[in-house]
Structure formats: C-alpha cells, structure tokens
Amino acid sequence: DLLERKKVFCTACNSTAFSYPLIDGELFFGPAGPAIRVPLDGTEYDLTTGDVIQWCPTDNPVRAMLGALKGSVDPIPLPVYPVRVEADGSVFTTFVK
C-alpha cells in the first residue's frame, strides 16, 4: 500500500495539462514507483521525477474531449522539489532547483 511507505513528495499543486488541482489525485504505483493520477483528465505523473507516465488518456467521453484539446501538445512534466524529513517529523523543501 502506497500510504504505508511513508514517503513525502513535493510537487506543483496543479496538473500541467489543465491546471487541475492535485489535492484529489489518486496515488498509485506507476512503472517506476509512486505516481499520481489527475481525476479530471487522467494524466499520470511519476512523483519522484515529475515525468509524465500517461498524457490525457481518452478512456471516457469527457477525457476524450479533453484529450482532443491536448492531442497536439507535448506532455509537460510536473515540477517536483527535493524534500527532507527531520526525525521530529518536520518537512522541508526548496522550491528552487
């Protein structure tokens, strides 16, 4: 279970396809590890690298329409930032790469 792994990731708060908030994104294990799926358009990102796993799939009528809008657009990676978790549970990140 992904939640039992106790990893912390810091990313942009919105998807790169349609700027949809990731707060309700579905966490899952992607091909290379922890990933997130955007509820609106189905785009999937690797949480470690920000790489796009799947860009705007057309697996239902709404996503088919959204995918058509982004069909000619190159996938845009999700910005991810380094995270440090202290022994007391404090979490730190740097937003400049």
Side-chain angles (χ1 to χ4, degrees):
D1 182 86
L2 188 59
L3 295 177
E4 292 175 2
R5 303 286 177 154
K6 298 183 182 178
K7 288 194 173 195
V8 176
F9 299 93
C10 183
T11 72
C13 62
N14 293 321
S15 72
T16 59
F18 290 98
S19 294
Y20 193 82
L22 294 175
I23 187 78
D24 292 325
E26 176 189 350
L27 298 175
F28 68 100
F29 278 110
I36 190 166
R37 181 177 300 114
V38 182
L40 176 68
D41 59 55
T43 296
E44 299 174 352
Y45 301 97
D46 181 296
L47 285 173
T48 303
T49 64
D51 291 342
V52 175
I53 298 168
Q54 186 173 22
W55 181 251
C56 299
T58 56
D59 56 353
N60 68 40
V62 172
R63 289 181 178 173
M65 179 193 67
L66 294 172
L69 294 173
K70 294 291 180 173
S72 63
V73 176
D74 289 333
I76 302 165
L78 183 69
V80 295
Y81 306 97
V83 175
R84 185 178 84 245
V85 180
E86 298 291 324
D88 67 357
S90 299
V91 178
F92 298 92
T93 191
T94 303
F95 291 105
V96 178
K97 287 188 174 184

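Values below: all heavy atoms of this structure, side chains included; hydrogens, waters and symmetry mates excluded. A quick note: this is a predicted structure, and the numbers were derived from the prediction, not measured.
For T93 (side chain) and P82 (main-chain N/O), a donor-acceptor pair under 3.5 Å exists by modelled atom type. Judged by distance alone, with hydrogens and angles left aside, the side-chain atoms of T16 form a donor-acceptor pair with the main-chain N or O of I76 at under 3.5 Å.
Remark: D59 CG is packed, more than 12 non-hydrogen atoms of other residues, nucleotides or ligands lying under 6.0 Å away.
I36 and V83 end up in different hydrophobic clusters when Ile, Leu, Val, Met, Phe, Trp and Tyr side chains are linked at under 4.5 Å. V85 and Y81 end up in different hydrophobic clusters when Ile, Leu, Val, Met, Phe, Trp and Tyr side chains are linked at under 4.5 Å. Under the 4.5 Å side-chain heavy-atom criterion for grouping Ile, Leu, Val, Met, Phe, Trp and Tyr, F92 is not connected to L47 through any hydrophobic cluster. In the hydrophobic clustering of this structure, L69 groups with V52; members are Ile, Leu, Val, Met, Phe, Trp, Tyr whose side-chain heavy atoms approach within less than 4.5 Å, directly or through other members.
Checked options T43, N14, D24; the residue passing with V38 is T43 (criterion: side-chain contact (heavy atoms from CB on, under 4.5 Å)).
When all heavy atoms of N60 and V62 are compared, the closest pair comes out as OD1-N, 3.1 Å. Between Y45 and P77 the shortest heavy-atom distance is CE2-C, 4.5 Å. Nearest heavy atoms, C10 versus F95: SG-CE2, 3.7 Å. The nearest pair of heavy atoms linking K70 to F18 is CG-CZ, 3.4 Å. The heavy-atom pair separating P39 from G25 by the smallest distance is CD-CA, 3.8 Å. Annotation for G30 and A35: closest pair N-CB, 3.9 Å, computed over non-hydrogen atoms.
Between atom OG1 of residue T94 and atom CZ of residue R84 there is a gap of 7.5 Å, rounded to the nearest 0.5 Å. Rounding to the nearest 0.5 angstrom, the gap separating the NZ atom in K7 from the CG atom in L27 is 13.0 Å. Rounding to the nearest 0.5 Å gives a distance of 13.5 Å between CG of L22 and CZ of F9. We find the CZ-CG distance between R63 and D41 to be 7.0 Å, quoted to the nearest 0.5 Å.
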